[in-house]
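Report on the structure given below.
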Protein chains: 2
Amino acid sequence: MNDAFKSLDREKQNRILDAGFQEFAEKGYKQASTNQIAKAAGIGKGTLFYYFKNKQSLFHDLIEEAFNIADETYLSQINFEETDFFERLRESSELKMEVYRKQEHALTFMAQVFMHMNEYKLPERLLEKRKQAEEIWGSVLTKNIDFSKFRDDIPQEKTFNYIRWTIEGYRMELEQRIKLQGLSALSNVKLEPYYEEFYDHLDTLKMIYYKEEFR
Amino acid sequence: MNDAFKSLDREKQNRILDAGFQEFAEKGYKQASTNQIAKAAGIGKGTLFYYFKNKQSLFHDLIEEAFNIADETYLSQINFEETDFFERLRESSELKMEVYRKQEHALTFMAQVFMHMNEYKLPERLLEKRKQAEEIWGSVLTKNIDFSKFRDDIPQEKTFNYIRWTIEGYRMELEQRIKLQGLSALSNVKLEPYYEEFYDHLDTLKMIYYKEEFR
DNA sequence: AGAATTGTTGACCAGCCTGGTCAGTAAGGG
DNA sequence: CCCTTACTGACCAGGCTGGTCAACAATTCT
């Protein structure tokens, strides 16, 4: 990523970044095609290599950019004053949705990178960032949370995991549903009804896992 | 799949089938490589095409074979007399594990095919099978189940989904854990402690979602 | 025994796609 | 007018693709 790229207008930058995020997230480093990325971004192949010196450096730059995006629009916005678990969960989910709106494939790309991190020999600089990110991502739903609101006949760790897994399962099914009904991009989908559905699930989970007096 | 293949000894057949399952499950139809499959199965490339007439027919045969395996060692073994949800869940999980032991990648292959079914133009014969399979797979955790044991302050459908999602989340984390700790094949991993862990989760879920008198 | 059949292989094929280059074009600013 | 910068796609060598096939090996038949 050189100065030429950085001085592009934001829209074009984002188009290129997102094309890269999507291709690498879908196929992994080796199988990803720079031709595809250029085509999806709507630029010539030469131009891609005019902005990035080669495939590997493009990949590294994408990782760094994804970290930055996640940092700026997600992690740094989390309100760690909020001690209620479900409120924190709601806020963090909404922030995540913000990221999706800005850069639809940044987060799936990040997840892919996290999963296969060990296969890629990344420079020290990125490994360091990853370590930091891992910690803070893990703290989003734990740091300064009032876990005493959970019913105490179920081990706290289980409660925590069960809620995580349930939400994750719901998220995946929702993704599937949206993908099936319309081929439209996420940005074109009316999201309001899904929010209501999601809040409803949060309430139900509160019913299930909170002590009576906190429901 | 011709007579030559069918008259191979079981072990070699399974080696080839599983190599195919794995490759297609990992990369999808187009990206899958017949070279890789032959190499992974430990046979020459020519031999693979001596057994199967071409890539597409190999793919179709694998689908059919996967359906048969799932049918024989999983679906047909489910005891639909058992009306307790968690007992049914336990049994079906153990049966699934049987399938894994016999053909490690058959089920992930099937899942992949189900997901991307619409992209492949499959012959009528397979589409029909799929339709049937879909119905019966859906019925495994519902048909003849006594849902009245669930607490009735939470909608039954939610209860059902939440348990599914929780178990699925647990399964994925377990897979991750096993993959990390040892690179050994599933068949070499001591499974007993995991079973205990799994049963423990089932008990906890019973605590959460059953009426008091059925816990 | 030898002949005939069946099983198995990897070198080989044309063709596609790969990451990357670079001569050439276009545009803008001085 | 030149100089710089932005941008492109034809082009390259090389790797991998699905698939073939002549040659060889093993087994079975006569």
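The chains referred to below are lettered A, B, ... by the order of the sequence lines, with proteins before strands, and numbering in each begins at 1.
With the nearest nucleotide of DNA chain C identified for both A:Gln36 and A:Thr47, A:Gln36 has the one nearer the 5' end. The nearest heavy atom of DNA chain D to A:Lys30 and to A:Asp3 marks one nucleotide each, and the one closer to the 5' end goes with A:Asp3. Looking at which nucleotide of DNA chain C each of B:Gly42 and A:Thr34 is closest to, the 5′-most match is held by B:Gly42.
When rounded to the nearest whole Å, the span between CZ of B:Phe5 and C1' of C:dT6 equals 17 Å. The nearest whole Å value for the distance from the CG atom in A:Asn2 to the C1' atom in D:dA6 is 11 Å. The nearest whole Å value for the distance from the CD1 atom in A:Ile16 to the C1' atom in D:dT8 is 14 Å. As a whole-Å value, the separation of B:Glu23 CD from D:dT17 P is 8 Å. Rounded to an integer number of Å, the gap from CZ of A:Phe49 to C1' of D:dA10 is 15 Å. Separating the OH atom of A:Tyr29 from the P atom of C:dT18 is a distance of 14 Å, rounded to the nearest angstrom. Atom pair A:Tyr51:OH and D:dA6:P shows a separation of 8 Å (rounding to whole Å applied). Atom CZ of B:Phe52 is separated from atom P of D:dG18 by 15 Å (rounded to the nearest Å).
Aromatic pair B:Phe24/B:His105: ring centres not closer than 6.0 Å. Taking the six-membered ring for Trp and the full ring otherwise, A:Phe85 and A:Tyr209 have centroids separated by 6.0 Å or more.
OP1 and OP2 of D:dT20 both lie 4.0 Å or more from every side-chain N or O belonging to B:Tyr50. Distances shorter than 4.0 Å separate some side-chain N or O of B:Lys55 from OP1 or OP2 on D:dG18. Regarding contacts with the backbone of C:dG7, every side-chain N or O of B:Lys12 stays at 4.0 angstrom or more from both OP1 and OP2. Residue A:Asn35 places no side-chain N or O under 4.0 Å from the OP1 or OP2 atom of C:dC17.
Classification of the B:Phe5-B:Phe52 ring pair by plane angle, with boundaries at 30° and 60°, yields tilted. Ring planes of A:Tyr120 and A:Phe59: perpendicular class, angle over 60° (limits at 30 and 60°).
Within 4.0 Å of A:Ala38, counting heavy atoms only, lies no atom of the nucleic acid at all.
For A:Lys45, the side-chain atoms get nearest to C:dT21 when compared with the rest of D:dG18, C:dT21, C:dT9. Considering only side-chain atoms of A:Ile43, the nucleotide from C:dG20, D:dT8, C:dT8 that sits closest is D:dT8. Considering only the side chain of A:Ser33, C:dT18 comes nearest among D:dC7, C:dT9, C:dT18.
Looking at A:Glu197 and A:Arg177, a side-chain N of the basic residue comes within less than 4.0 Å of a carboxylate O on the acidic one, giving a salt bridge.
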